[in-house]
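A quick write-up on the structure given underneath.
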Amino acid sequence: MLVTAVHRFAGQQADHLLVTASNQGTKPCWVTSYPAVKLGDNGLELPHSKKDNPGGDKRITLQPGGKAYSAVNLFDYGSRNQTAQSLSIALRGTKGHENPSYSVVMKGGSQQFSWNEADVLNWSTEKPYDF
C-alpha cells in the first residue's frame, strides 16, 4: 500500500490535504474507517469529521492498482494557529485500532500548512470535493 498526501488550495477556504491509498501489490488489500492522521510533531490524532458521510465501518477492497481517498480538512480562523510541515498516517485494522504511523512525503505547492481546527474524512473510492 502506497499512501500519499497532496496539499490542495493552500491558504484558501477549501484548504485540505488529499490522502490517497494505492494498492501497489499483486493481491487485493483493504482499508476501513478513516486514516489516523497526526500533523507535525504534536502527536495528537485528528478526529473524524462530524460532517462526514456515514459508512466508515465498511471495508473497501482495493484490487491491484486500485485507489481509495480521504481528506484532512484544515480550518483556519485567523488566531491561535498551529502550523506543521509534516504529517504521519496510520491505517486502521478491522477493530478500528490504528497500526504504526508512517511519515508521508508531501506533494503539491505548499509544504507548510496552518489550522485552528482539523478533521479527517472516511476512506472512499471517490475523491472528496470536486477537483
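These numbers come from a predicted model, not from an experiment.
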Let me confirm one number: the [atom1]-[atom2] distance from [X] to [Y], rounded to the nearest 0.5 Å.
| X | Y | atom1 | atom2 | answer |
| --- | --- | --- | --- | --- |
| I60 | T125 | CD1 | OG1 | 6.0 Å |
| C29 | Q24 | SG | CD | 9.5 Å |
| S124 | D52 | OG | CG | 9.0 Å |
| E45 | S88 | CD | OG | 9.5 Å |
| R59 | W30 | CZ | CH2 | 4.5 Å |
| K38 | L87 | NZ | CG | 11.5 Å |

Check your understanding: Would you say L2 and V72 are hydrophobically clustered, going by side-chain heavy atoms of ILVMFWY under 4.5 Å?
Key -> no
Exercise for review: Applying side-chain contact (heavy atoms from CB on, under 4.5 Å), name anything that partners Q63, two or more places apart in sequence or on another chain.
Suggested key: P28, T61
Does some side-chain heavy atom of [Y] sit less than 4.5 Å from a side-chain heavy atom of [X]?
| X | Y | answer |
| --- | --- | --- |
| I89 | V37 | yes |
| M1 | L91 | yes |
| V19 | W123 | yes |
| K51 | N73 | no |
| H16 | L121 | no |

Exercise for review: Would you sort out whether T4 and S22 count as a side chain to side chain contact (heavy atoms under 4.5 Å, CB included), showing the intermediate values?
Suggested key: CA-CA 8 Å; T4 60; S22 304; 5.7 Å; no
Testing the basics here: between [X] and [Y], what is the closest heavy-atom pair and its distance to 0.1 Å?
| X | Y | answer |
| --- | --- | --- |
| G25 | P64 | O-CB, 3.3 Å |
| L62 | A21 | CD1-O, 3.9 Å |
| F75 | D119 | CE1-OD2, 3.7 Å |
| Y69 | P128 | CB-CD, 3.7 Å |

